[in-house]
Every structure is written in C-alpha cells, then in structure tokens.
Amino acid sequence: MENGSLWMELFRLMVRVRHFEQTAFELYTAGKLPGFLHLSIGQEATSVGACAALRPDDYMASTHRGHGDTIAKGVSVQAAMTELFGGASGACHAKGGSMHIADFSRGILGANGIIAAGVPITVGAALSIKQRRTDQVALCFFGDGATGCGPLHEGMNMAMLWKLPMIFVRQNNHYAESTPRHEYQGIPDVVRWAEGYGMPAVKVDGNDVLAVYEAVSRAAVRARRGEGPSFIDSETYRWYGHNIGDPGTWRPKEEVETWKARDPIARFRRVIIEHNVAAGADLDAVDAEEAQRMKQAAVQAENEPKPPVAAALEDLYSDPVLGAQAIQGVRC
Amino acid sequence: MENGSLWMELFRLMVRVRHFEQTAFELYTAGKLPGFLHLSIGQEATSVGACAALRPDDYMASTHRGHGDTIAKGVSVQAAMTELFGGASGACHAKGGSMHIADFSRGILGANGIIAAGVPITVGAALSIKQRRTDQVALCFFGDGATGCGPLHEGMNMAMLWKLPMIFVRQNNHYAESTPRHEYQGIPDVVRWAEGYGMPAVKVDGNDVLAVYEAVSRAAVRARRGEGPSFIDSETYRWYGHNIGDPGTWRPKEEVETWKARDPIARFRRVIIEHNVAAGADLDAVDAEEAQRMKQAAVQAENEPKPPVAAALEDLYSDPVLGAQAIQGVRC
Amino acid sequence: MNEITFREAIRDAQREELERDPTVFLIGEDLRDPWGGAYKTTQNISAILGNDRVINTPIAEESIVGAALGASLTGMRPVAELQYLDFVMRAMDSVVNQVAKVRYMSGGQAKVPLVIRAQGGGGKSSAAQHGNSLEAWLCHVPGLFVAIPSTPYDAKGLLKTAIRMDDPVFFIEHKMLYMTKGLVPTEEYTLPFGVADIKRQGSDVTIVATSRMVLFALEAAEKLALDGISAEVIDPRTLVPLDEAAILESVRKTNRLVVVSEGVERCGWAAEIAAMVQKRAFTDLDAPIERVCSLNVPLPFQPELERFVLPSVDDIIRAARLTMGKV
Amino acid sequence: MNEITFREAIRDAQREELERDPTVFLIGEDLRDPWGGAYKTTQNISAILGNDRVINTPIAEESIVGAALGASLTGMRPVAELQYLDFVMRAMDSVVNQVAKVRYMSGGQAKVPLVIRAQGGGGKSSAAQHGNSLEAWLCHVPGLFVAIPSTPYDAKGLLKTAIRMDDPVFFIEHKMLYMTKGLVPTEEYTLPFGVADIKRQGSDVTIVATSRMVLFALEAAEKLALDGISAEVIDPRTLVPLDEAAILESVRKTNRLVVVSEGVERCGWAAEIAAMVQKRAFTDLDAPIERVCSLNVPLPFQPELERFVLPSVDDIIRAARLTMGKV
Ligand SMILES: Cc1ncc(C[n+]2csc(CCOP(=O)(O)OP(=O)(O)O)c2C)c(N)n1
Ligand SMILES: Cc1ncc(C[n+]2csc(CCOP(=O)(O)OP(=O)(O)O)c2C)c(N)n1
Ligand SMILES: [Mg+2]
Ligand SMILES: [Mg+2]
C-alpha cells in the first residue's frame with residue numbers, strides 16, 4: 001500500500017488529538033485547568049486531514065476550538081498541554097492558554113479567540129507568500145458560525161482579487177454555540193455562495209479524513225500553481241457542548257448519537273483494516289502509545305513551574321528599552 | 001398616457017437633482033460652501049428611479065454621495081441647500097453638512113460618511129417594519145466600492161435570514177474613489193454573487209430611470225408581500241471626480257465622454273417626447289422652473305443666519321438635564 | 001426585598017421591560033432559550049415571551065448594533081447584547097460613528113432609545129481577548145451614556161431606566177459579578193442616571209471605584225478600618241453622566257483620593273477622575289491622587305499573572321495608605 | 001537642509017524605506033498613482049517603484065490591518081494606511097485584539113514589524129465622521145507604540161524609525177498639517193521614539209501639546225510672551241512610549257502645566273498627562289493642571305461651530321493665564 005505510512009500518520013494524529021482533548025477534559029473536570037476550554041472531539045478528521053495536506057512551512061490560522069488544528073499542524077503536545085496548565089514552558093509562556101496556542105516555527109499563526117479573525121491574518125500571510133515568491137500556501141479554519149461574519153467575506157473577496165495561495169476551510173459542526181444554522185445563516189447553500197466569489201468550492205465529508213486530505217491537497221496544488229484560493233465546507237460535528245461548561249444537552253439526543261456513530265477515528269480504523277494497511281492490533285498499539293504519551297505530557301505539564309508573576313510584563317514588545325518605557329513597570 | 005404624471009414627476013426630480021448639484025458645484029467653486037462635496041451628476045436616474053418607487057413612509061439610507069438620493073426621497077431642497085451653507089435652518093441644523101443630510105419625517109435615515117454603514121441601519125429599519133407589522137419597505141443605497149466591505153455581507157445574510165422587506169441598490173459608478181473594479185473586487189459577477197445569498201438579483205441600466213423604477217417597484221412589491229429582500233445592481237457613472245477637489249482626469253477621456261452621451265436626463269427627455277407624454281417646450285419649462293427654484297434656494301440659503309456657536313452643544317442628547325450633565329458645558 | 005443575584009437582576013429588568021412595553025426587544029448572539037445567552041443573562045425570556053421578542057443573530061457585531069440602531073430610529077426600543085465587551089471592537093463604527101452621533105448629525109431629529117449591554121472584565125483566566133475593561137473608550141465618545149453597576153440593586157434599577165431612555169446607553173456588566181447577591185425591592189423601581197452611590201461612609205480617604213472594583217474597594221476599606229483608616233467608597237454607577245459633585249464633596253472632606261478602575265491604566269477612566277479632581281479640588285488635596293488600575297499589558301492567561309495585572313485589594317490598601325503618608 | 005511640506009516628509013520617508021528594504025510595502029485604499037492616496041501621501045511611489053510595492057485594497061479596514069498583520073508575521077514589513085483615523089473603528093479588532101496582542105499572547109514568538117498610518121483631526125468642516133482625534137483610545141491599548149508628529153522633520157524621522165521597528169506602531173498624521181513646511185536634512189536620518197522635543201523654552205508655564213496643537217501652543221506662547229508670560233512648549237512626539245522625564249523636568253521648573261490635546265476632553269489623552277503629573281510632581285504644582293481639549297460633543301459641520309468645539313489658540317492662552325492666576 002503506497003499510502004500506508006500517510007494513513008498511519010493520519011490515524012496517529014487523529015488519535016493524538018482525541019487523547020489530548022480527552023485528557024484536557026478530565027483535567028479540567030478535576031479542577032486542574034484554568035480558563036476556557038472548547039473541545040473539538042468528533043472533528044479530528046477535519047483538523048488532521050487538512051493540516052496533513054500542508055507542508056511544515058505552510059501557514060495555518062485556527063479558531064477558539066484550536067487544539068486539533070494546532071496539534072495536527074505540529075505544535076508540540078507537551079508545549080500545548082503545559083500551556084493549558086499555565087506552565088512557564090507552555091507554547092505561549094502561559095500568556096495564551098487554550099484559545100491562543102501558536103507556534104510560528106511550524107507555520108501556526110495562532111488559534112484565536114475572535115470569530116473569523118484568522119481570516120484576514122491568513123490573507124496577509126498568503127499575500128506575503130506571493131510577495132516573497134515562495135510556493136507556500138496559507139490555510140484558514142473557521143466555524144460554520146463564522147459564515148455571517150464580515151471579515152470572512154472581506155477575506156474571500158481579497159483572496160480572489162489577488163489570486164492568493166489560500167485555502168478556506170469551514171469546520172461545519174452545525175452550531176454556533178447553541179444557535180443552529182437557520183438562526184444565523186440566510187445563505188441557503190454555502191458552496192453556491194462561495195462560488196459566487198469565483199473560487200472553486202466543495203462540500204466534503206468532514207468525518208472522512210481521506211476526503212478532507214484530498215480536498216485540501218487539491219486546493220494546495222492549485223494554490224501553489226498560482227491559480228488562487230479554494231473553499232472547502234467540511235461537514236462534521238462536535239460531540240461535546242460548545243465549551244466545557246456546556247453539557248450540550250440542548251441538541252436532540254439522536255442527533256448526537258448519529259454523529260457519534262460516525263466517529264472519524266473508528267471509521268478510519270475500519271478503512272485501514274479493510275485495506276490491509278495495518279491490523280487492529282497495530283492500531284491499538286498506536287492508540288496505547290498516544291494515550292501513554294498524553295498521560296506523561298499531563299504529568300509533566302502539571303509539574304512544570306509556573307512563571308513568576310513579573311513575567312506578566314514580558315513578551316509584549318520586542319524592543320526591550322522602549323518596551324519597558326511603554327509599560328512603565330509596576331503600580332504605586 | 002397612463003403614466004404621464006409619473007414620468008413628468010421622474011423627469012422633474014432628475015432635473016431638480018441635477019440643478020441642485022450644479023448649483024452646489026458652482027457655489028463651492030466660488031468658495032461659498034465649506035466641507036466636502038461628492039456630486040452624483042450622471043447618476044440621477046438611479047437615485048430618482050429607486051426613490052420614486054417607494055412610498056413616503058418607506059425608509060431609505062444613503063451614502064456620502066447622497067444629494068440625489070435624499071432629494072429624490074423628499075428632503076426639502078431649501079433645507080438641504082441651507083445645510084450645505086451651514087445655515088441654522090438647514091436640514092440638520094448645520095451639524096451634518098453634505099455627507100449627513102437626513103429627514104426622518106420622510107423616511108430618510110441619513111446620508112452617511114462611512115462606507116456601507118447604511119446597510120445595518122436599513123436592516124434594522126426593515127426588522128422593525130416586520131416587528132411592527134406594517135407594509136413599509138427599507139431601501140439602502142451603496143456604491144460599487146462597498147462590495148468588498150464586511151457589513152454589506154452581514155446585512156445581506158441577515159436580510160435573507162429574517163426575510164426582511166429590504167432592497168439593496170448598488171450605485172455602480174465603476175470606481176471607488178479612483179480605484180477601478182479590478183483593484184477592489186475579486187467577485188467576478190455581482191449578480192451571481194448576490195444570488196448566492198438566495199435573493200433575486202438583477203442588473204439594471206442605471207441611466208434608464210424607468211428601468212430602475214421598475215426594478216425597485218418589483219422588489220418593493222415582493223418585500224411588501226413578505227417575500228424578502230432583493231438586490232439591484234444599477235450601472236451608472238458620475239461625471240465629476242470622486243469629490244470636488246478631484247477633477248476626475250485620471251479616467252480615460254473617451255470613457256467619460258461615452259457616459260456623458262448616455263446622460264440619463266437627456267435620454268429620458270427623448271423618451272418622453274417620443275411617447276408624446278410632453279413636448280420639448282413643457283420639459284424646458286420644467287427645467288427652467290427647477291433652475292429658478294435652485295437659484296432662489298441658493299440665495300435664501302446663503303442669507304439664512306448661521307447658528308450661534310453655543311448651538312454646538314445642542315442636539316446631542318434628547319434628555320436635556322442628563323445631556324447637559326454629560327456635556328459639562330464649556331472649557332476652562 | 002428579595003435577595004437575588006446580579007444575573008437575575010439583569011434578567012428581571014429585561015423581562016419586566018419586555019412585558020411592560022411591546023416595542024422593547026432583545027437582539028444578540030445566542031440569547032434564546034434554552035441557552036439564554038453566553039452568561040445566561042437572557043434565560044427564561046424567550047421561553048416565556050416568545051422568540052419574536054428575543055432575536056438570535058449571526059456573529060456580526062457591527063450589524064447587530066447597526067440593526068438595533070435602525071430599529072430604534074423607526075419605533076422600536078432594542079436592547080442589544082454583545083457577549084463580551086471585547087467584541088465591541090467589531091462594532092465600533094456602529095457604536096461610535098452611528099449610534100452616538102446620529103442624533104447630533106441630524107440636528108436633533110433622531111431619537112435613539114437603544115441599550116447596548118456587554119459583559120467585560122478579568123478574573124476568569126479568559127486571556128487577552130475576553131477580559132478587557134473598555135469603559136474609557138466609551139466615555140470618550142460624546143453621545144453615549146455609560147452605566148456600569150456593581151450591585152444587583154443598581155443593575156436592575158439602572159437597566160430599567162436605560163431601557164426607558166430616549167438616548168443610547170452603553171451598559172457594562174462584569175463577568176465576576178453575575179453570581180454576587182444583593183437585596184432588591186419586590187416592587188417596581190428605577191434608578192436615576194448621574195447619581196453616585198456612597199457605598200461606605202468614611203473620613204480619611206475617598207475611594208472612587210466602579211463595577212467589580214467597588215467590591216474590592218469595600219474589602220480594602222474593611223481592612224483599612226482595622227488599621228484605623230476610615231475610607232469612603234463612592235460608586236458613580238454611571239460614568240456618563242458623572243456625579244462629579246458627589247466625588248468632589250467627598251474629596252473636600254477627606255482630602256485624599258484613590259481611583260480604582262479595572263481597565264488598563266494609561267488613558268484609562270481613572271485618569272479622567274484624577275484630572276477632574278486635581279482641577280476642581282486642587283487646594284483640598286493633601287496628597288497626590290492615586291490610580292489603581294490594570295498594568296499596561298494585555299491580560300495574561302495564567303491565573304497568578306492575571307491577578308498580578310489586575311488591580312487587587314492589596315493594591316487599593318497600599319494606595320490608600322500612600323495617600324495617608326503611610327508606606 | 002531642505003524645506004519640504006509635512007506631506008512630502010511622509011511621502012519621502014515611505015519611498016526611502018521602500019527603496020532601502022524590499023520587504024517594506026504599502027497597503028491601503030487608493031494609494032496608487034495617479035491618485036496617490038486620499039491626502040496624496042503616497043503620490044509618486046507606485047509610479048516609481050511599481051504596483052507590487054503599493055497595494056490598493058477593497059474598502060475593508062478590518063482586513064487591511066489584518067492582512068498587514070499576517071504579512072508582518074511572515075517576513076514582510078507592511079505600512080498600512082487608513083485614509084481617515086475615524087475608519088479605525090472598522091479595524092479595531094485587528095488593531096487591538098490582533099496586532100497589539102499577538103506577540104504577548106504567543107509568549108513572545110511573534111515579531112510585528114508593522115506601521116499603521118492614519119490621518120485625523122478637525123479643521124476642514126468634515127463633520128462628525130471625518131475629523132476625530134482618537135489617540136487616547138490607541139494609547140489605552142498595551143502593545144502598540146503611538147507616534148503623532150507635528151513637524152515635517154519629526155514626521156520623516158519618526159516614520160522611518162517606525163518602519164524599521166519590530167513592534168507595531170500606530171502613526172497619526174493631522175489633515176491640517178500636510179501643507180505646513182519645515183526644514184529637513186538632505187542626508188538620511190531617523191528619530192528615536194520616547195524622546196520629547198522642547199519646541200520652545202520657557203520658564204513660567206509648561207504647555208504639553210501634540211500634533212496640530214503644537215502649532216497652536218507655539219502661537220499661544222508668542223502671544224503670552226507679549227504679555228510677559230514665558231511658556232515652554234513640549235511636544236512628546238511619541239505618546240507610547242512617553243518621555244515623562246522631559247515633561248516632569250519642565251513642570252518642576254515652571255510649576256504650572258497646560259495640556260493641549262485635540263481629542264474630546266472626557267477620558268482623553270490630556271487626562272493621562274494630568275493624572276501622571278499631579279502624582280509625580282504634586283508638590284511642584286502651583287496651580288491646577290489645565291486641560292485644553294475638544295468639547296464633549298461630536299464635531300459639527302459648520303465651520304464656526306467646529307472651531308468652537310476644537311481647542312483654539314485663545315483657549316490655550318486663557319488656560320495658561322489661569323495657571324498664573326490671571327483671568
Ligand atoms: C467576534 C466574536 N463574536 C462572538 C464570539 C463568541 N463566540 C465564541 S465561539 C462562538 C460560536 C462560534 O461558532 P462556530 O464558528 O460555528 O464555531 P464552533 O464553536 O462551532 O467551532 C461565538 C459566538 C467571539 N468569540 N468572537
Ligand atoms: C469605512 C470607510 N472607508 C473608507 C472611506 C473613504 N471613502 C469615501 S468614498 C470612498 C469610495 C467609495 O466608492 P463607492 O462605494 O463606489 O461610492 P462612490 O464614491 O463611487 O459613489 C472611500 C473609500 C469611507 N468613507 N468609509
Ligand atoms: Mg460551529
Ligand atoms: Mg463607485
């Protein structure tokens with residue numbers, strides 16, 4: 001099987017994301033994590049399929065629900081986990097937390113607490129690719145709820161206008177917080193709407209990691225060839241509520257069950273086995289490894305020292321002298 | 001001719017707008033008017049055709065280039081002219097000037113200095129129509145340059161979502177300031193794009209007052225029936241530059257000439273005569289009347305007293321006591 | 001009197017006004033039941049009064065406020081919610097260039113009976129984009145009234161007043177206050193704008209504080225009292241209009257002032273109060289006016305760091321002691 | 001030295017930096033030739049250096065700034081123009097939640113070599129939506145540097161520095177300054193941030209002013225001199241970082257302070273200076289600090305009304321005399 005190693009990598013990444021978030025859920029429930037937590041469990045195929053189609057030097061911007069995206073794009077699991085704990089060695093030195101995980105060395109321009117804010121940033125990254133004449137691409141994730149948000153429109157228009165090497169990936173999990181489609185979206189068909197901007201737009205089964213991988217790969221090829229942006233509407237579901245405080249029980253139970261039955265990991269596991277890429281035992285081993293790794297990461301993250309409070313005054317400006325003059329030190 | 005009086009009214013309104021703006025141009029050039037001035041000469045058929053299709057109690061929001069729109073919707077020419085001079089009896093008590101002419105008693109929610117800012121306001125007016133269960137409609141004008149602006153998108157989505165009695169009229173004069181379409185718009189076909197929102201969208205000859213009138217009338221009927229919003233792309237041209245300081249010479253001379261040859265007033269004049277609705281002499285009389293009226297309006301406007309400077313502290317809050325407490329009076 | 005939470009006060013004020021006046025309606029993201037708003041401040045309203053009165057919107061803040069404005073100009077009295085005050089950044093043109101100015105620009109034609117509610121403030125490790133206190137920006141905008149209550153009683157009374165006013169009100173709630181409790185009359189009441197409330201009487205130093213900082217100031221005052229320092233705590237409740245007289249009267253008595261405001265110090269609201277008081281009560285001041293605000297950095301995620309950046313009870317105590325010449 | 005206009009200073013700084021560094025580019029509405037920007041501050045740049053270096057955009061301020069940020073994070077050094085400072089209201093999330101915070105939120109990973117230029121201020125009868133002075137908002141945002149020059153020399157030197165910095169700079173120009181002239185070195189130069197310039201020496205009263213108000217302050221100082229009052233005029237040039245030392249040193253000499261800022265008074269920039277100085281130089285002050293700012297209303301269209309709302313030379317004179325006990 002030619003793609004065997006790719007498939008195994010996709011599987012491993014999905015499992016990694018799942019364990020990361022399961023662990024985060026447990027830690028949070030145990031009162032060990034501060035702040036907000038938006039889990040993407042159920043959406044792993046979209047995060048992983050999309051990011052795996054990118055090169056390490058490609059750019060990606062994510063959302064408030066960004067664990068899966070950022071892990072798939074290569075942020076260190078340890079650094080991300082430590083960040084959730086607010087440890088000094090966290091991915092963002094404990095300044096960012098769950099909603100702001102970034103790793104510029106891996107092209108991760110940041111998760112983002114503001115809906116659709118990643119769109120213009122990605123437009124700029126794609127513009128800079130064109131200006132620097134590299135063959136990178138820039139991908140931005142956003143939720144279905146972002147569809148009604150002005151900056152998404154502005155970014156789609158700009159991306160087409162400048163024929164940018166950009167990929168729009170809509171993580172369509174069917175709800176904006178608790179608001180269903182028919183309460184936030186007047187656009188009857190998102191694919192037709194995106195086509196109105198002149199860019200190719202497709203709907204993919206966002207729980208099928210290979211389908212997502214292929215759609216993003218095609219878009220990336222187009223982008224690298226200088227043919228401009230693409231739009232992908234990736235249909236998926238989040239098993240949990242909007243955030244950790246929300247049990248998500250406002251959704252029809254059957255709906256949740258139906259989607260759980262479409263678990264992207266279990267599904268891909270079956271595909272792998274059917275195609276004889278690996279045996280169930282191999283996959284169980286991957287699962288066990290990732291589970292183990294996550295346990296260790298959690299233990300280490302919990303034990304990492306917290307930053308001294310004075311660290312709150314660091315990392316704002318890159319110029320140390322003018323920065324200090326601007327911040328002016330501590331009160332009284 | 002059944003529509004004779006309508007046609008004459010359309011003609012008169014177009015001529016009125018033309019004279020108003022010609023007069024404003026001359027006054028400004030003579031150094032008599034302060035502030036900015038954006039002339040819509042050449043676009044009269046769009047302003048007049050659209051507003052004439054509305055009832056007095058319908059709502060309309062306009063743009064920085066709003067003389068034609070507001071006059072067509074019924075603002076007193078005297079009040080508007082006095083406003084340009086900054087006279088106390090101006091439409092906005094000299095607070096607004098050219099970019100902010102409003103007359104709430106005639107459904108004019110205001111010209112607006114901010115691109116596309118009239119869109120959300122009109123969405124709200126249309127929402128309130130629905131809530132109050134009247135059969136009014138709300139129309140918003142915006143320029144072709146507003147197409148890439150987020151709030152337009154948000155408003156189109158909301159209008160469809162809530163099936164609002166709303167009419168989007170794009171005054172497509174081919175430039176945003178000096179920027180041509182291919183530098184601000186990645187959307188290849190605005191009509192297809194607007195259809196992506198699920199609303200009927202048509203392109204009309206924006207220099208044909210009857211075509212505009214009919215398109216807006218159809219949209220208004222739809223809206224009053226509760227069938228939701230419509231989009232009209234009205235293709236026209238402004239003869240002058242972007243604003244009074246701009247001679248507009250950056251455009252190809254032939255382009256300007258071609259469009260001047262399509263003068264919406266001269267054209268409608270021919271149609272009226274061809275259809276025997278009126279004779280040339282009747283139309284000349286209308287023209288002379290409006291010219292005369294504008295001369296008088298200018299003289300009166302110039303002689304209207306300016307507000308006392310303390311008027312600057314009025315008209316902000318409707319609550320006089322709390323308002324005064326908030327403003328706190330004059331400095332030192 | 002009933003003991004209710006701040007959250008309930010906000011809910012009740014809205015529900016009562018919706019019941020009283022059919023032109024009042026709520027508009028914002030995710031307000032309807034069963035969700036009932038990100039901070040549950042609209043819960044049990046749509047369920048009782050219907051979805052027509054409580055409108056869920058797309059995620060489009062500029063248009064939420066703009067649409068509320070359009071509705072307010074044409075006969076309705078909207079109450080718009082921005083889930084987080086931070087998101088006002090997506091609505092600034094509507095709030096500032098449109099809502100605040102339309103009456104003025106139209107020469108007094110417009111009436112703008114519009115309330116914009118938003119929840120702000122730190123204390124929940126919500127990091128840099130979900131914990132800002134931006135009242136200074138809003139006070140810098142002529143044409144808005146700005147309310148920022150600290151107790152359930154004030155919240156309910158001021159919100160009801162706001163909804164009945166014909167001028168636009170920006171109404172700021174604090175995420176850490178929603179669970180706090182207080183007594184509220186069983187019968188209908190409203191509270192006036194522009195009238196400060198002296199939350200604690202004192203004679204040695206005046207502490208002016210807003211929102212959650214009122215609770216911190218009261219706690220500081222308790223501790224200062226143990227040390228023999230008598231602090232007066234003034235809560236202006238509305239920042240525009242501001243009850244300058246109440247503040248000045250207190251300063252003329254105590255001769256010392258500490259201003260506590262959760263927003264970032266530089267160009268924050270405390271600066272305005274300091275500038276105003278040093279001018280109007282120059283000779284009454286025995287010590288420099290102290291500002292206790294957030295440090296000039298964004299809010300960091302980590303809880304200890306966040307606490308360090310936000311003003312604390314200890315900071316207030318230190319500032320008050322400083323005005324007394326005690327370090 | 002050459003005598004050039006403020007507008008030319010801005011143009012030259014940009015063109016020289018574009019020539020020096022291929023990663024610098026301009027982005028905004030209508031910047032290309034022959035138009036060359038709404039205030040012609042980018043004229044003759046695209047014509048000489050090509051459209052690749054000067055990007056015209058749709059009317060989409062949030063995305064202009066957001067895209068500039070994305071480019072700055074990935075190897076470029078954009079200079080974004082907002083035609084009018086007022087339009088920053090459409091870009092506040094990008095400016096504040098993204099540009100100013102991305103470095104901090106990412107734990108210092110990001111470098112943000114980005115300049116946002118905007119033209120503000122009143123004086124042209126441009127009414128309420130085209131004449132705002134919003135520097136107070138921007139100074140309230142940790143993570144930005146804020147420059148606001150008053151002369152061609154300062155404008156050119158500071159803009160070149162800004163473009164070379166690795167932190168985001170908000171650069172504010174005044175529409176009424178573009179035609180003013182001043183001497184500028186023929187050779188290359190830059191000016192440091194955080195260093196005030198004493199535009200006029202004096203001994204009786206310190207006047208701190210920014211942007212166009214520096215010219216007003218200098219005119220006021222001339223007139224005060226006729227009256228035997230010696231005013232020192234300080235132009236901080238950058239508001240963040242601020243040269244507090246220069247202001248304090250002057251106040252310690254003159255014992256009197258007038259702060260002149262074109263923005264609306266309430267929660268404006270002058271309040272910050274007043275609050276800082278009364279705290280740091282309390283015993284040095286012989287009189288209350290006076291603020292001279294715009295009145296707490298929007299800018300009206302009519303020229304006389306507008307002049308009344310804006311600070312004037314006479315207002316500054318009156319304030320300075322007031323600090324001297326003369327009315
Ligand atoms: C500008 C802005 N408005 C509102 C919010 C609050 N908010 C956070 S998540 C969310 C819903 C987002 O829905 P969607 O885009 O579908 O993403 P999902 O949470 O479903 O992944 C909202 C409204 C925000 N973060 N930013
Ligand atoms: C938000 C905003 N950005 C920029 C401007 C400056 N501006 C005024 S008119 C204009 C061009 C508008 O073009 P278009 O919409 O086509 O209208 P037209 O002037 O052609 O009638 C621009 C960019 C503005 N007024 N508001
Ligand atoms: Mg969703
Ligand atoms: Mg146009």
Side-chain angles (χ1 to χ4, degrees), chain A residues 114-120 123 126-127 130 142-166 168 170 176 179-201 203 223 227-231 233, chain B residues 114-120 123 126-127 130 142-166 168 170 176 179-201 203 223 227-231 233:
Chain A
I114 303 297
I115 298 301
V119 176
V123 166
L127 179 63
K130 253 192 112 168
F142 51 93
D144 51 300
T147 302
C149 191
L152 174 62
H153 159 75
E154 295 182 356
M156 287 171 68
N157 181 49
M158 282 180 170
M160 260 311 283
L161 175 63
W162 297 327
K163 267 205 156 191
L164 297 182
M166 198 172 156
F168 293 85
R170 182 168 182 260
T179 306
R181 205 202 92 113
H182 67 270
E183 289 190 1
Y184 66 73
Q185 187 176 312
I187 297 159
D189 179 344
V190 165
V191 168
R192 290 292 94 74
W193 170 76
E195 283 170 350
Y197 289 83
M199 68 179 85
K203 201 175 188 67
E227 292 167 12
S230 306
F231 186 98
D233 185 26
Chain B
I114 304 297
I115 299 299
V119 175
V123 167
L127 179 62
K130 254 193 112 166
F142 50 94
D144 50 300
T147 303
C149 192
L152 174 62
H153 159 77
E154 295 181 357
M156 287 171 67
N157 181 49
M158 282 180 169
M160 261 311 284
L161 176 62
W162 297 327
K163 265 203 157 193
L164 297 180
M166 196 173 158
F168 292 87
R170 182 168 183 260
T179 306
R181 204 204 93 114
H182 67 269
E183 289 190 0
Y184 67 72
Q185 186 176 312
I187 297 158
D189 179 344
V190 164
V191 168
R192 292 290 96 72
W193 169 76
E195 283 170 352
Y197 288 83
M199 67 179 85
K203 201 175 190 67
E227 292 168 12
S230 306
F231 187 98
D233 185 27

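Each chain gets a letter, A, B and so on, in the order its sequence line appears, and its residues count up from 1. Model, not experiment: these values are computed from the prediction.
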What's the verdict on side-chain contact (heavy atoms from CB on, under 4.5 Å) for Leu152(A) and Glu154(B), showing C-alpha distance, side-chain angles and the deciding distance? CA-CA 10 Å; Leu152(A) 174 62; Glu154(B) 295 181 357; over 6 Å; no
Can you name the closest pair of heavy atoms from Gly196(A) and Trp193(B) and give their distance? O-CB, 3.6 Å
Give a yes or no answer on whether the side chain of His153(A) reaches the backbone of Thr147(B) with a donor-acceptor pair at less than 3.5 Å. yes
Counting heavy-atom pairs under 4.5 Å with chain B, the top scorer among Gly198(A), Gly155(A), Gly148(A), Pro151(A) is Gly148(A)
Interatomic spacing from CE in Met160(B) to CD in Gln185(A) - rounded to 0.5 Å: 10.5 Å
Residue, of Met199(A), Met156(A), Glu183(A), that accumulates the most heavy atom pairs under 4.5 Å with chain B: Glu183(A)
Could you walk me through whether Asn157(A) and Ile187(B) pass side-chain contact (heavy atoms from CB on, under 4.5 Å), step by step? CA-CA 6 Å; Asn157(A) 181 49; Ile187(B) 297 158; 3.7 Å; yes
